[in-house]
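What follows is a single structure, written as C-alpha cells, with notes after it.
All ligand and atom numbering here is 1-based and tracks the order in the structure.
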Amino acid sequence: MQLKCAHCYQSFNATTIEQTRGKGLLTQVQCPHCDAWLSRHKWLTLGKLIGFYIALSMVIYGVFFGGKMMVVVPLLILSVAMFVASHMMDHLVVIEPGKDAEQLEAEKQANKGEGAEE
Ligand SMILES: [Zn+2]
C-alpha cells in the first residue's frame, strides 16, 4: 500500500514505516522521509468503515432474506457511494511536522557528498 506524506509530499510504502504510535483508528505513523507524524482522517476512515459494513449487511440481507428490494437496493447504492467517496478523500493528515524542505535538501546533499556511508 502506497501512502503519501502530507508534510513532505513524498510517497512511501506502508511496509517502510518504522515508527507508529496509538492504535486502532487513531494509529499515527512516522514518515520515513521527514519524520513527521501522520494520521488517517478520523471521520473519513469511520465513514469508509460504516459504508463498507452497511453495504456488506445489505448484500447479506439481500442474498439470504430477499424481498424489501425497494429498501435494500437504494441503501446498498448509498453505502457503496459513501465507501467510495470517503476512500477517495482519505489521505494522511499531519499531526506533528517533521523536517522542513530545507533540512531535507541539506540532508540529501550531505548524503550525496559522503557517498556510501557505513
Ligand atoms: Zn514526509
Side-chain angles (χ1 to χ4, degrees):
M1 186 171 64
Q2 281 289 318
L3 300 166
K4 195 172 184 187
C5 176
H7 185 254
C8 67
Y9 303 107
Q10 292 196 67
S11 297
F12 55 94
N13 202 294
T15 54
T16 61
I17 295 166
E18 284 170 5
Q19 301 288 327
T20 61
R21 63 184 183 191
K23 52 184 173 180
L25 279 183
L26 296 173
T27 303
Q28 296 176 7
V29 300
Q30 193 172 35
C31 171
H33 298 293
C34 69
D35 296 339
W37 283 97
L38 309 160
S39 175
R40 290 222 164 267
H41 203 293
K42 200 167 37 169
W43 296 113
L44 288 177
T45 308
L46 205 62
K48 197 160 85 174
L49 276 176
I50 292 171
F52 177 77
Y53 282 113
I54 292 177
L56 190 71
S57 49
M58 284 306 113
V59 168
I60 292 171
Y61 185 89
V63 167
F64 288 101
F65 303 100
K68 290 208 180 102
M69 280 303 163
M70 292 296 284
V71 180
V72 172
V73 172
L75 259 178
L76 180 62
I77 292 168
L78 269 178
S79 52
V80 168
M82 183 169 155
F83 175 76
V84 172
S86 46
H87 182 72
M88 287 195 307
M89 288 188 294
D90 201 6
H91 57 89
L92 296 168
V93 288
V94 178
I95 302 296
E96 237 178 77
K99 299 165 191 163
D100 55 34
E102 275 172 33
Q103 271 174 299
L104 280 175
E105 196 53 43
E107 225 166 68
K108 230 184 257 172
Q109 294 297 330
N111 283 341
K112 240 183 246 167
E114 284 162 29
E117 214 183 353
E118 288 170 87

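- The Zn ion (ligand 1) lies at the vertex of an angle of 110° between the SG atom of Cys34 and the SG atom of Cys31 (rounded to 10°).
- His33 places a side-chain N or O within 3.5 Å of a backbone atom of Ser11 that can act as its donor or acceptor partner.
- Because the distance cut-off is set at 2.8 Å, His33 fails to qualify as a neighbour of the Zn ion (ligand 1), as none of its N, O or S atoms comes that close.
- For Gln109 (side chain) and Ala106 (main-chain N/O), no donor-acceptor pair under 3.5 Å exists by modelled atom type.
- Side-chain atoms of Ser57 come within 3.5 Å of backbone N or O of Tyr53 as a donor-acceptor pair.
- The Zn ion (ligand 1) has no N, O or S atom of His7 under 2.8 Å away, backbone or side chain.
- Taking the six-membered ring where tryptophan is involved, the planes of His87 and Phe83 are essentially parallel, since the angle between them stays under 30° and well short of 60°.
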